Amino acid sequence: MMGFDHVCMARALELARKGLYSTHPNPRVGCVIAREGRIVGEGWHVRAGEPHAEVHALRQAGEQARGATAYVTLEPCSHHGRTPPCADALVAAGVARVVVAMQDPNPQVAGNGLARLQQAGIEVHSGVLEAEARALNAGFIKRMEQGLPFVRVKLAMSLDGRTAMASGESQWITGPAARAAVQRLRARASVVLSGADTVLADNARLTVRPAELGLDAELTALAATRPPLRVLVDGRLRVPLDAPFFQAGATLVATCLATAAHEGYQGAGHELLAVPGSGGHVDLHQLLGELAGRGANEVLVEAGPRLAGAFARAGLVDEYQLFVAPKFLGSSARPLLELPLARMAEAPALKIVEMRAVGDDWRIIAVPQREA
């Protein structure tokens, strides 16, 4: 059975990935119902508040679900949220066996869904393609386990590790294919976060532009319905309200300043969030905790060397996505990160997990090597 179990779970994961741009703040989940060696029902969670993957798959399977095996990428929920418990739906449908990729890290579920199935006499097996399932929902898992979102830092640089000319000019280092990849990173994120330096220097909006995503029509439409929250870290409130960033839609501004300016921002449709800090610099750990409390699973940081470097120095980065253009910007151009190091021993170690061509550029995905 294990060979067929893997085939069905791989398909369930493929379905789950269809929710990459739309399920926030929920996890991405897929489900397959199979019996006698063939798939009779499929489903995936489309967006929060709508039926879960199991419900869609059971509807498609109909009476064929009785005595079948259900493959789910995440433990079926056992509590009443915005939708009824999926564990109960599986029991009611009469499935004989449930295979899950991983247990749900949500304390409201955390093994209770599997226990509910077992109590009903259903055979339960867990851990099939677990690593792939965890990678798909790394942000949801981290938020549930640590109270913090998964932080992905996107950086675009030249071959000599520079991000902008000395003047601040940086458009465009990379080509259209790399920029489309960045659009997809924005679309999957709960939050796109930047700093005052970037917004002022580039007139940045940091919006998702559906036409540039390079996705099929179904996923493009889903991505357009759930734009990420744009967050500006502006400790001293240097960015004026008429900046393109604010004109592009509602924004959350994290600042160290007192609340006297709140009224102007709120009147313009934005929210000002006072976050403690020192020297005019927002406490990033506290800010991430606040964002997690609002349901943020993944935060994409698109910032200049100062803010990106601050995330790195604070040990808050889970993944770097580096887009490398085949050009030199020269020794006077700006560095990738503001990360003053005196000795080689201080250099943070990274593990490269993926490297591939994106148009004429290269994308390197690297994760920090943290001490055990």
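Treat the numbers as computed from the prediction; the structure is a model and nothing was measured. By convention here, the first residue in the shown sequence is residue 1.
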What side-chain donor-acceptor pairs closer than 3.5 Å can you find for residues 219-227, not counting sequence neighbours?
from	atom 1	to	atom 2	distance (Å)
T220	OG1	L215	O	3.3
T220	OG1	D216	O	2.9
T225	OG1	L222	O	2.7
R226	NE	Y21	O	3.2
R226	NH1	A189	O	3.4
R226	NH2	A187	O	2.8
R226	NH2	A189	O	2.9

Pairing residues for R66 by the side chain to side chain donor-acceptor pair (under 3.5 Å) criterion, not counting sequence neighbours
none
Using 30° and 60° as the class boundaries, would you call the ring planes of F246 and Y265 parallel, tilted or perpendicular?
perpendicular
With L291 as partner, the option from L273, V231, L148 fulfilling side chain to side chain contact (heavy atoms under 4.5 Å, CB included) is V231
Transitive ILVMFWY cluster of V367, excluding itself - 4.5 Å side-chain cut-off:
V353, I365
Atom CZ of R306: over 12 foreign heavy atoms under 6.0 Å:
no
Donor-acceptor side-chain pairing of N137 and R28 below 3.5 angstrom
no
Does the side chain of Q321 come under 3.5 Å of the side chain of R363 through a donor N or O and an acceptor N or O?
yes
Value for CG (L193) from CG (L206), rounded to nearest 0.5 Å, stands at 9.5 Å
Residue pairs meeting side-chain hydrogen bond (donor to acceptor under 3.5 Å, both in side chains), one or both in residues 284-293, sequence neighbours left out, come to E290-R294
So, using ring pair (Phe, Tyr, Trp, His ring centres under 6.0 Å) as the criterion, who are the partners of H45 when residues are at least two apart?
H52
Any donor-acceptor pair under 3.5 Å linking the side-chain atoms of R188 with those of Q183?
no
Less than 3.5 Å apart, any donor N or O on the side chain of S22 or R47 sitting next to an acceptor on the other?
no
Does F311 have any ring pair (Phe, Tyr, Trp, His ring centres under 6.0 Å) partners at least two apart in sequence or in another chain, and if so, which?
none
With a 3.5 Å distance limit and no angle check, can you tell me whether R162 reaches the backbone of A333 through a side-chain donor-acceptor pair?
yes
Do any N or O atoms from the side chain of H270 and from the backbone of T251 form a donor-acceptor pair under 3.5 angstrom?
yes
